[in-house]
Amino acid sequence: MMTKFNDAFEAFLTLQKQEATGMRREMLDRDLTGTKKLCEALWQVFGSFDDLILEYEVVSETGIKIYIDVYHRVLRIAFEAEGYAVHADKITRERHSFEKMRERTFTKYDFKHMPFSWDELDKKPEACKRSVFELLGRFGDPGGGGWMELPVYEREIIRSAAVHPGPFSFSDACRWLQSGPRPVRKALSSLVDKHLLVMEGGGSKRFHKFRLSMEAVRKL
């Protein structure tokens, strides 16, 4: 398992570096020990690095560039791995102000912020993964998106797709619903018609994968 992760991470990091320029590339060339610990936990949750971005760059309200350790571009989650910090009474005023500005920037961009300490990632990896799963589970909460108005099969597909980001297959939907092909096909077709799912891959008449639409993602 560890060898498989290491190989996947190295390939992921290489691709990220190829796409990076300027300060972001410099950030990717630094010691990424903490980021790798975080990525290992996320890889075990998501099953891949799809839709994740290392050292994601955002510009603060003051024009300062901020870099997020790992950002999920679909779910808009800012994951961060933080080393041990000095006690609060030793933090400089400038650093304290910077951290507050950083938090405001996350709020401005409507990011969900999930910071973990290196100690947590080392000593309590299962608790860290459970926290991520719990956050993903909230995306299925119909309270904010009006999902209760959808038929139960459609609602469950939306919830499951949010918990398992990235493209999913017809077989995946059947497994999530524990149902036969006819009701699953009907639910998927209805969600496409409602512009909550988009189809990917295949030819002009056959599609093999589905993905949450941007309209659905905004409602999560």
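Keep in mind that the numbers below use all heavy atoms, side chains included, and drop hydrogens, waters and symmetry copies.
Judged purely by atom type and a 3.5 angstrom limit, Tyr109 uses its side chain to pair as donor or acceptor with the backbone of Val59. Judged purely by atom type and a 3.5 angstrom limit, Ser160 uses its side chain to pair as donor or acceptor with the backbone of Glu156. Of the possible polar contacts, none joining the Ser179 side chain to the Val184 backbone as a donor-acceptor pair under 3.5 Å is found.
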Could you give the side-chain donor-acceptor pairs of residues 12-19 under 3.5 Å, partners two or more places apart or in another chain?
from	atom 1	to	atom 2	distance (Å)
Thr14	OG1	Glu10	O	2.8
Gln16	OE1	Arg24	NH2	2.8
Gln16	OE1	Leu54	N	2.8
Lys17	NZ	Asp29	OD1	3.4

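Surrounding NZ of Lys194 are more than 12 heavy atoms belonging to other residues, nucleotides or ligands, all under 6.0 Å away. Counting heavy atoms of neighbouring residues, nucleotides and ligands inside a 6.0 Å radius, atom CZ of Arg182 does not exceed 12 of them. The environment of Lys108 atom NZ is dense: over 12 non-hydrogen atoms of other residues, nucleotides or ligands sit within 6.0 angstrom. Summarising the local packing, CE of Met101 is surrounded by more than 12 heavy atoms from other residues, nucleotides or ligands at distances under 6.0 Å.
In summary, the side chains of Glu55 and Tyr67 do not present any donor paired with an acceptor at a separation below 3.5 Å, with no hydrogens or angles considered.
The line from OH of Tyr56 to CZ of Arg76 is 7.0 Å long, rounded to the nearest 0.5 Å. Note: Glu26 CD to Arg30 CZ = 11.5 Å, rounded to the nearest 0.5 Å.
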Could you go through Glu82 and Ser117, starting from their C-alpha distance and side-chain angles, then the distance that decides it, and tell me whether this counts as side-chain hydrogen bond (donor to acceptor under 3.5 Å, both in side chains)?
CA-CA 5 Å; Glu82 301 176 351; Ser117 71; over 6 Å; no
Give the C-alpha distance, both sets of side-chain angles, the deciding distance and a yes or no for side-chain contact (heavy atoms from CB on, under 4.5 Å) between Tyr153 and Ser190.
CA-CA 10 Å; Tyr153 273 16; Ser190 178; over 6 Å; no
With side-chain hydrogen bond (donor to acceptor under 3.5 Å, both in side chains) as the criterion, how do Ser169 and Asp172 come out once you've worked through the C-alpha distance, each side chain's angles and the decisive distance to 0.1 Å?
CA-CA 5 Å; Ser169 67; Asp172 291 329; 3.1 Å; yes
Start with the C-alpha gap between Asp31 and Lys36, add the side-chain angles, then the distance that decides, and say whether salt bridge (charged side-chain N to carboxylate O under 4.0 Å, His left out) holds.
CA-CA 10 Å; Asp31 181 6; Lys36 186 174 181 179; over 6 Å; no
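Ring-centre distance between Phe79 and His113: not below the 6.0 Å cut-off. Between Tyr71 and Phe111, the distance from one ring center to the other falls under 6.0 angstrom.
With salt bridges taken as basic N to acidic carboxylate O contacts below 4.0 Å, one links Arg104 and Glu61. Checked for salt-bridge contact, Arg211 and Asp51 meet the test: a charged N lies under 4.0 Å from a carboxylate O.
In this structure, Ile64 is a member of the same hydrophobic cluster as Ile68, with clusters built from ILVMFWY side-chain heavy atoms closer than 4.5 Å. Residue Phe210 is not grouped with residue Val198 when hydrophobic side chains (ILVMFWY) are merged at heavy-atom distances under 4.5 angstrom, including chains of intermediate members. Cluster membership for Leu191 and Met199, using ILVMFWY side-chain heavy atoms within less than 4.5 angstrom, is shared. The hydrophobic clustering, which links ILVMFWY residues whose side-chain heavy atoms are closer than 4.5 Å, places Leu42 and Met27 apart.
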